[in-house]
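Being a predicted model, the structure only gives us computed values, none of them experimental. Ligands are counted one by one from 1 in listed order, and the atoms in each one are counted from 1 as well. When reading the values below, keep in mind they use all heavy atoms of this one structure, side chains included, and skip hydrogens, waters and symmetry mates.
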Amino acid sequence: MSELRPIGRFPEEWVEELAGLGEPKYRAQQIFRWIHRRGELDAAKMTDLPVALRERLAAAGVVAPLEVIDVHRAKDGTRKLVLGMQGGGRIECVLIPMTPLSGDADLAAAADDEDDALEGPAERTRVTLCVSTQFGCAMGCVFCASGRAGLGRGLGADEIVSQVILARRHLDENEDLTNLVFMGMGEPLHHYDETARALRLLTHPEGTGMSPRRITVSTVGLVPGLKKLGADFAGKVGLAVSLHAPDDATRSRIVPMNKRYPLNELIAALKSYPLPRRRRITIEYTLIDGVNDTDEHADRLVRVLAGLPVKVNLIPMNPVAGADFRASPPERVDAFQARVAGYGVSCFVRARRGDEVSAACGQLALEPGLIELGRARVPA
Ligand code: SAH
């Protein structure tokens, strides 16, 4: 059972586990802190534990569930970490420094409505980490590399949290990891229980202690999952929704899940999301040439979103091998942005980050040779 995987355990679960080993209760908090606060995934290095306990913990699987295989660094400072899973298969996560000049404060702001994304001492750089929740993805969005690869398997909460712990080790000296976005491979709400467990671990006061408002979960719009997320976290976790089209015909063409949860149901679910005051839902909109990028689409988008506290994040489509679609030309992107903004709706273009190392939105994919290892289904 994945909830018993050591890195994914809560302190109270450690208490139970340790009782079986005849260890005192206080060790539970000690171990939880080592893992989640200090980021130590190797039991042998938990120096204030008795050696015999360290050995038992190591034997019981207190080891990193992921191994850093490669770090690709783009010129803009974006780092893509390629992580190997136990038993085979690779996933990816991406460190994205938020520099004032890179024009991408929106990514940090996706998790941070108070618009203080660039606050703090000038010499420190705030970094957002984009994590994966699944190996591959079952949603099948036609413009996304992960979607085109199909689903291998969902990640355990331990594997989700380990991305944060391992990525921290790859921060530069002047950087702080301040924001998390669940926008990597996979659909977080298709895999609700492990996603929710990871969110609880990451926001646990004895552990990483991240504020839920600095975490954004991005979803294709799975309505039951949206309801659960809103209820379980009282709306405190930031929400981003991959809308990509303002009408069912266009949306179903590029986001197959729209056939299951059409726009009226999705928008109704967003209206009832218990969003705290002053916070907004991020609407992601990938601009695809000739598909969803006309003035009419912009006008309709504004109508569909009427009454919802949102900010629209336009993403010119990033190139994906084998996809029949391509980005809207820059003039179209600008015109679309200006048209939406002209109605008084907050709307900005997400800067392309890390694309030379295939770390940009939609480019996280299963490497061809590894698909079999992960049992991923590859659509013909
Ligand atoms: N499954 C989640 C999170 C994954 S991707 C979701 O659908 O929201 C994060 C964002 O990147 C989504 O909005 C996704 O639609 C977008 N995206 C996927 N492929 C893209 C591409 N080729 N170019 C630009 N954005 C893309």
Q. Do Q30 and R33 meet the criterion of a side-chain donor-acceptor pair at a distance under 3.5 Å?
A. no

Q | Closest contact, heavy atoms only, I7 versus P65 | A | CG1-CD, 4.0 Å

Q.
Check for me whether M139 has a heavy atom closer than 4.0 Å to any atom of ligand 1.
A. no

Q: Just jot down the ligand 1 atoms closer than 4.0 angstrom to any heavy atom of C144, in number order.
A: 18 (C), 19 (N)

**Q.** Donor-acceptor side-chain pairing of E187 and Q134 below 3.5 angstrom
**A.** no

Q: Could you tell me the residue and atom name of the protein heavy atom closest to atom 16 (C) of ligand 1, and the distance to it rounded to 0.1 Å?
A: T286 OG1, 4.0 Å

**Q.** Cluster link I315 to V255, ILVMFWY, side chain under 4.5 Å
**A.** no

Q. Which of the numbered atoms in ligand 1 are below 4.0 angstrom from a heavy atom of V320?
A. 22 (N)

Q: Looking only at protein heavy atoms, identify the closest one to atom 19 (N) of ligand 1 and say how far it is in Å.
A: G362 CA, 3.0 Å

Q.
For F182, give me all partners under ring pair (Phe, Tyr, Trp, His ring centres under 6.0 Å), at least two apart in sequence or on another chain.
A. none

Q.
Once you restrict to heavy atoms under 4.0 Å, what part of E284 touches ligand 1? Side chain, backbone, both or neither.
A. side chain

Q | Nearest non-hydrogen protein atom, atom 22 (N) of ligand 1 | A | F143 O, 2.7 Å

Q | With sequence neighbours excluded, residues passing ring pair (Phe, Tyr, Trp, His ring centres under 6.0 Å) with F32 | A | H36, H204

Q.
Any heavy atom of H244 closer to ligand 1 than 4.0 angstrom?
A. yes

Q.
Looking only at the side chains, is there a donor atom on one of T78 and D76 sitting less than 3.5 Å from an acceptor on the other?
A. yes

Q.
Geometry only, no angles: is G184 polar-contacting ligand 1 at N/O separations under 3.5 Å?
A. no

Q: Please report which non-hydrogen protein atom sits nearest to atom 5 (S) of ligand 1, along with the residue it belongs to and the distance in Å to one decimal place.
A: M183 O, 3.5 Å

Q: For atom 7 (O) of ligand 1, find the nearest protein heavy atom and state the residue, atom name and distance (0.1 Å precision).
A: S242 OG, 3.2 Å

Q: For ligand 1, note which part of V241 has a heavy atom under 4.0 Å away: side chain, backbone, both or neither.
A: neither

**Q.** Contact check: N318 vs ligand 1, nitrogen or oxygen atoms, below 3.5 angstrom
**A.** yes

Q. Atom 21 (C) of ligand 1: which protein heavy atom is closest, and how many Å away?
A. C361 O, 3.3 Å

Q.
For R27, is there an ion pair with D48 - N to carboxylate O distance below 4.0 angstrom?
A. no

Q: Pull out every atom of ligand 1 sitting under 4.0 Å from any heavy atom of I315, numbered as shown with elements.
A: 24 (C), 25 (N)

Q | H244 and Y285 aromatic ring geometry - parallel, tilted or perpendicular at 30°/60° bounds | A | perpendicular

**Q.** Location of contacts on V220 toward ligand 1, heavy atoms closer than 4.0 Å
**A.** both

Q.
For ligand 1, which is the ligand I care about here, please tell me if G186 has any N or O atom under 3.5 Å from one of the ligand's N or O atoms.
A. yes

Q) Quick one: do D289 and R332 make a salt bridge, cutoff under 4.0 Å? A) no

(Q) With rounding to the nearest 0.5 angstrom, report the OG1 to CG distance, T286 to N313. (A) 9.0 Å

